[in-house]
Amino acid sequence: AGFGSRVASSRRRVDLCFGRLMEFLKQQQLYDDSVIVVTSDHGDLLGEEGRWGHSFWLYPDVMKIPLIVHVPEWLKPTIRADLDARVFSTDITPSLYTLLGYQPQDLGPLFGRSFFTARDGDSSWRRREASPVSSGSGPVYAGVSQNGRPPDALDPCAATDHALEAPHGARPPP
């Protein structure tokens, strides 16, 4: 319910494949020592306000993607993550390095930063720092600050600049 048949069918197939992978890892006794990352490269608009796709829109439905990370129990006492702070896809690789025991060099937000810190570390900067984002294909950009609420979008093609999430759940103008 709530998905078109094509999307529901794809989701069902991916869910089945992922379930089989998890079962395999458990049968091979690899699951407990595995770092598993589940994410997406982007969301999609499925007809919201007559918009479809993701290349030319920076709506929250496109920008907000799932990120699920399974970390082995034996690593958990040494690290932590601020689960309420915004994270970007570019942060995944530095985070994997951190889990492997390396301290990746901070090259700035365009290159990603680990979302894991030492158990006693501070990651509150994630909630304060502003970061640029862009659409995949079109010249649409946004500045994300205030921990991602609300993002501002700059659309040079339409010569507009607006908040993506207006107060009270209203959507930005078309």
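On a predicted model such as this, the values are computed, not experimentally measured, just so you know. Computation of the quantities below employed the complete heavy-atom set of this structure, encompassing side-chain atoms and omitting hydrogens, waters and symmetry-equivalent molecules.
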S.K.: Main chain of R113, side chain of D91: is a donor-acceptor contact present, judged purely on distance under 3.5 Å?
M.R.: yes
S.K.: Roughly how far apart are T39 OG1 and I92 CD1, rounded to 0.5 Å?
M.R.: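 These two atoms lie 4.5 Å from each other.
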S.K.: One pair to check against side-chain hydrogen bond (donor to acceptor under 3.5 Å, both in side chains): D32 and W74. What are the steps and the verdict?
M.R.: CA-CA 9 Å; D32 291 335; W74 55 269; over 6 Å; no
S.K.: For a quick test of your reading: what N or O donor-acceptor pairs under 3.5 Å do the side chains of residues 16-31 make, sequence neighbours left out?
M.R.:
unit_1: Y31; atom_1: OH; unit_2: H70; atom_2: NE2; d: 3.4

S.K.: According to a 4.5 Å side-chain heavy-atom criterion applied to Ile, Leu, Val, Met, Phe, Trp and Tyr, with indirect links allowed, do L99 and I36 form part of one hydrophobic cluster?
M.R.: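 Hydrophobic grouping puts L99 apart from I36.
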S.K.: Please report the C-alpha distance between R6 and S10 in whole Å, then the side-chain angles of each, then the deciding distance to 0.1 Å, and finally whether the side-chain hydrogen bond (donor to acceptor under 3.5 Å, both in side chains) criterion is met.
M.R.: CA-CA 6 Å; R6 183 181 61 81; S10 295; 5.3 Å; no
S.K.: Would you say L67 and Y97 are hydrophobically clustered, going by side-chain heavy atoms of ILVMFWY under 4.5 Å?
M.R.: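 Shared cluster, no.
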S.K.: Work out which heavy atom in K76 is nearest to a heavy atom in V71; give both atom names and the distance.
M.R.: CE-O, 3.3 Å
S.K.: Of all heavy-atom pairs between P104 and P94, which one has the smallest distance, and what is that distance?
M.R.: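 Closest approach of P104 to P94: CG-O, 3.5 Å.
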S.K.: Mind checking whether D82 and F115 have side chains closer than 4.5 Å, heavy atoms only?
M.R.: no
S.K.: Any idea which heavy atoms bring I65 and S40 closest together, and the distance?
M.R.: CD1-O, 2.7 Å
S.K.: May I ask you to test the L75-F116 pair for a side-chain heavy-atom distance under 4.5 Å?
M.R.: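 No, too far: nothing below the 4.5 Å cut-off.
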